[in-house]
Participant: 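To start, I am sharing the structure in question, which I have written as structure tokens.
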Protein chains: 4
Amino acid sequence: MDAALDLFVEKGFAATKIDDVAARAGVSKGTLYLYFPSKEELLKAVIRHNLSLTIEQGDDVVANFEGSTAELMQVVAGVWWERVGETQASGIFKLILTEARNFPDLAQFYDAEVIEPGQRLITRLLQRGVDRGEFRPTLHLLDTAHSFIFPLLMLCLHKHSIGPCLVHGLTNDPRRFIAHHIELLLKGVTAEPVPAPGTS
Amino acid sequence: MDAALDLFVEKGFAATKIDDVAARAGVSKGTLYLYFPSKEELLKAVIRHNLSLTIEQGDDVVANFEGSTAELMQVVAGVWWERVGETQASGIFKLILTEARNFPDLAQFYDAEVIEPGQRLITRLLQRGVDRGEFRPTLHLLDTAHSFIFPLLMLCLHKHSIGPCLVHGLTNDPRRFIAHHIELLLKGVTAEPVPAPGTS
Amino acid sequence: MDAALDLFVEKGFAATKIDDVAARAGVSKGTLYLYFPSKEELLKAVIRHNLSLTIEQGDDVVANFEGSTAELMQVVAGVWWERVGETQASGIFKLILTEARNFPDLAQFYDAEVIEPGQRLITRLLQRGVDRGEFRPTLHLLDTAHSFIFPLLMLCLHKHSIGPCLVHGLTNDPRRFIAHHIELLLKGVTAEPVPAPGTS
Amino acid sequence: MDAALDLFVEKGFAATKIDDVAARAGVSKGTLYLYFPSKEELLKAVIRHNLSLTIEQGDDVVANFEGSTAELMQVVAGVWWERVGETQASGIFKLILTEARNFPDLAQFYDAEVIEPGQRLITRLLQRGVDRGEFRPTLHLLDTAHSFIFPLLMLCLHKHSIGPCLVHGLTNDPRRFIAHHIELLLKGVTAEPVPAPGTS
DNA sequence: GATGAATGAGAATTCATTCAT
DNA sequence: GATGAATGAATTCTCATTCAT
């Protein structure tokens, strides 16, 4: 399944040959069919497997955190990047994106198992900030959640598509970008409102 | 080429059959080969065609703008969404993302023709804001540019992948999300710095 | 379809390779798939084609016959052998027999299109004989029909199975056998009752 | 071997999977290869086994029979149907018929072990009838034998091919058909020559 | 210029056979 | 003896590409 994930992510489902998956996995084509009844089922298994891994991350980090919500968001993003973004599993996002329309049930599954829980996690985080008076109460929670998440996902997508093709990646330091992105969202871009002592 | 774009975006390059492109275009398969020597060349033509369209947007909007940079960013994003995000051309991002690793020269081309100019445009915008004292001078320009752009791209990607498969899309109003996203980056999330009368 | 019939009859459906059919037909494999969507559909087309040919024989011969029913039966059998038994179409019986259980709808089709009409034809013939006082009225019409028909079918089956494998076929002269078989059924085996009152 | 016989008869040799044979026999695939070196050898073993069973029937019944030859033929047919036609062994005829051309040595074997002895048996029976003045001396012995045997074989073939696919079989009572068939051959179809001196 | 029938290389899938346990 | 996981050759089916009309 690791071999399949790699190749599906790199080449796309249709362009990946079963022989290549088998070869990379170090088994014969026949063996693959011993465990997965078809190429399509292999895809589904790969996705199910990787999503279940992905999902388990998250909630425990949040539960007992003590510090400010700003710190918490940095921590959550950092942990996610470490456990997902930097691993092979980061490819799953490209795979889903690529194959969603060809296998709509995958999209359903991904929505239920990743998008929904993910949105809920971030939304709760934001709510925590609002409740504690750290964040503006006028925030649109869902939109804000997307502003947080989307760039992180783009990092994963980029890593598995254009990234490897370019000599100088678009960001030479993803961790720095993530920290900066979150800080940016928290503080905003605009210059300090003049004489006010300081905010962050 | 419109037919090809649609299908390439929907199914991916490998999973798209020349017959289907021909059928959707209302011509025969032979006719397609009259104009494009191979499926791969068709792909490249489709991408070149749509990128050249994409790129022309932009710089003219910026050049003579008079208002605040915050306003300018809202305008740029709005125009871009209107001319790219809402049109068929929005699919090109998914296509590039999907096929970049299979056709590395496409990635090069896209980098040179879209990424670089795009980054330059936004970077200049941000610099304008800094120069005019509107934005913090401590901003990392490139990272900030990415924070602005990535969610817009995700909107396009989503629209052509998981979006059509879900009953309730992740955002029912992309324009509102875009406005909110840019406002968010500008103002930041954090609560008003105490008694200060207003910030925005 | 002739090529397919030959090979299906000779080797059986499962043991026949599409490549071989194509080669014998003098076209490429691809061309075959241009006209028949799958091997199974090719089988069905072959059978439908040959059955429609088979069925058209028959009734016209019977309609306006003037002579004795005994003569008529000889004529019917002779014509059938000439038009079916001696042609390539004779193989269809082996094919049906072989594949009926794998493709039950074929069996249905064959029953409706061949068995039923065939039985009706022969039954009517026998009835004609009874009506004209030529045949015993105590005959079981359907059983008798089968006694007539079965050996002719066996001739076809044999011709396409064991026949070609034996140096001396089981019958060196099918026409003579058919004539003899029908005469036998008509007259019976038992010695002339000469002066004796009755035998049965 | 029973499992193999069943499946070979039902599906044909090529369409039968070794896995299925093993599964039905309740052993593993490997075990099958412990006893039969290849699928083909399994086929041959199945056929040899069942033919040897088939052949042993017969001669002893005939040897010491005392009654009329007409009665004897009914007895022979009845016993054969009971011991072969009604058992699983009846499938062997379909199997031979189906596979003869793919395995010509099977055909040879079958000819030597079944056809020849069978023909000889019936021929001797008919000769007995002629010798005893029961049957016409003008009979063509071999043709007549075939007229006797073929319909019985067709019954077996039908039972394992089209029969199971039809709701109303072609004959709801095989024993009655057999009795009728033999009676028919003995007496003939034609009406009693009443008092008339002769008919032939 | 346009067509669509024909091609055949290539990919997914099957299944008889092997062999380490 | 028995097993069943592993194999890969063989087979069905697909589809980009060609070319005569």
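All chains are named by letter (A, B, ...) in the order of the sequence lines, taking the proteins before the strands, and each is independently numbered beginning at 1.
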Participant: Side chain of Leu34(D): nearest nucleotide among dG1(F), dT17(E), dC13(F)?
Facilitator: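 Taking heavy atoms from C-beta onward, the closest nucleotide is dG1(F).
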Participant: Calculate the interatomic distance between Phe13(D) atom CZ and dC15(E) atom C1'; express it in whole Å.
Facilitator: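 Rounded to the whole Å, the gap is 12 Å.
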Participant: For Glu40(D) and for Ala14(A), find the nucleotide of DNA chain E with the closest heavy atom, then tell me which residue's nucleotide is more 5'.
Facilitator: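 The residue closer to the strand's 5' end, by nearest nucleotide, is Ala14(A).
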Participant: Taking the six-membered ring of Phe13(A) as reference, does the NZ or CZ atom of Lys39(A) fall below 6.0 Å from its centre and within a 45° cone about the axis?
Facilitator: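 Positive - Lys39(A) is close enough to the ring of Phe13(A) and near enough to its axis.
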Participant: Which part of the nucleic acid, if any, lies within reach of Tyr35(A) when heavy atoms closer than 4.0 Å are counted: base, sugar-phosphate only, or nothing?
Facilitator: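 Sugar-phosphate only.
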Participant: Check if the side chain of Lys39(A) and the base of dT13(E) share a donor-acceptor pair of N or O atoms closer than 3.5 Å.
Facilitator: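 Donor-acceptor pair under 3.5 Å: no.
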Participant: Measure from the side chain of Ile18(D), starting at C-beta and using heavy atoms only, and say which of dT17(E), dA12(E), dG10(E) lies closest.
Facilitator: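 Of the options given, the side chain of Ile18(D) lies nearest dT17(E).
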Participant: Please give, in whole Å, the distance from dC15(E) P to Leu42(D) CG?
Facilitator: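 The answer, rounded to whole Å, is 16 Å.
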Participant: Is any side-chain N or O of Lys29(B) under 3.5 Å from a base N or O of dT17(F), one able to act as donor and the other as acceptor?
Facilitator: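 Checked by distance alone, the answer is yes.
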Participant: Quick check: closest heavy atoms across Ile162(B) and Ala107(A), and the distance to 0.1 Å?
Facilitator: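 It is CG2-CB, 3.8 Å.
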Participant: Tell me which of Gly26(A) and Pro37(B) sits closer to the 5' end of DNA chain F, going by the nucleotide each one is nearest to.
Facilitator: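 Going by which nucleotide is closer to the 5' end, it is Gly26(A).
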Participant: Does dA9(E) pair with anything, Watson-Crick or G-U wobble, both distances under 3.5 Å, and if so, with which nucleotide?
Facilitator: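 dA9(E) is paired with dT14(F).
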Participant: For dT21(F), what is the paired nucleotide under Watson-Crick or G-U wobble rules, both distances under 3.5 Å?
Facilitator: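 Partner of dT21(F): dA2(E).
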Participant: Between atom CG in Leu7(B) and atom P in dC15(F), what is the gap in whole Å?
Facilitator: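 Answer to the nearest Å: 13 Å.
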Participant: If you take all heavy atoms of Lys159(C) and Thr87(C), which pair is closest and at what distance?
Facilitator: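 Heavy-atom minimum between the residues: NZ-O, 3.5 Å.
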Participant: Between atom CD in Glu41(C) and atom P in dC13(F), what is the gap in whole Å?
Facilitator: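 Going from Glu41(C) (CD) to dC13(F) (P), I get 10 Å.
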Participant: Roughly, in whole Å, what's the span from NZ in Lys17(D) to P in dT17(E)?
Facilitator: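 Lys17(D) atom NZ is separated from dT17(E) atom P by 15 Å.
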Participant: Report the nucleotide, chosen from dT3(E), dC15(E), dT3(F), that has the shortest atom-to-atom distance to any side-chain atom of Ser28(B).
Facilitator: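 That would be dT3(E).
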Participant: Under a 3.5 Å distance rule, please check whether Glu10(B) uses its side chain to pair with a backbone N or O of Arg101(A) as donor and acceptor.
Facilitator: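 No; judged by distance alone, with no hydrogens or angles, the pair does not exist.
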Participant: Considering only side-chain heavy atoms of Tyr33(B), which listed nucleotide, dC15(E), dT17(F), dA2(F), is closest?
Facilitator: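 Nucleotide nearest to Tyr33(B)'s side chain: dT17(F).
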Participant: Return the 5'-most residue of the pair Asp19(D), Leu32(C) with respect to DNA chain E, ranking by each residue's nearest nucleotide.
Facilitator: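 Looking at the nearest nucleotide for each, Leu32(C) comes out on the 5' side.
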Participant: Please tell me if the side chains of Met154(A) and Leu157(B) come closer than 4.5 Å, counting only heavy atoms from C-beta onward.
Facilitator: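 Met154(A) vs Leu157(B): side chains touch.
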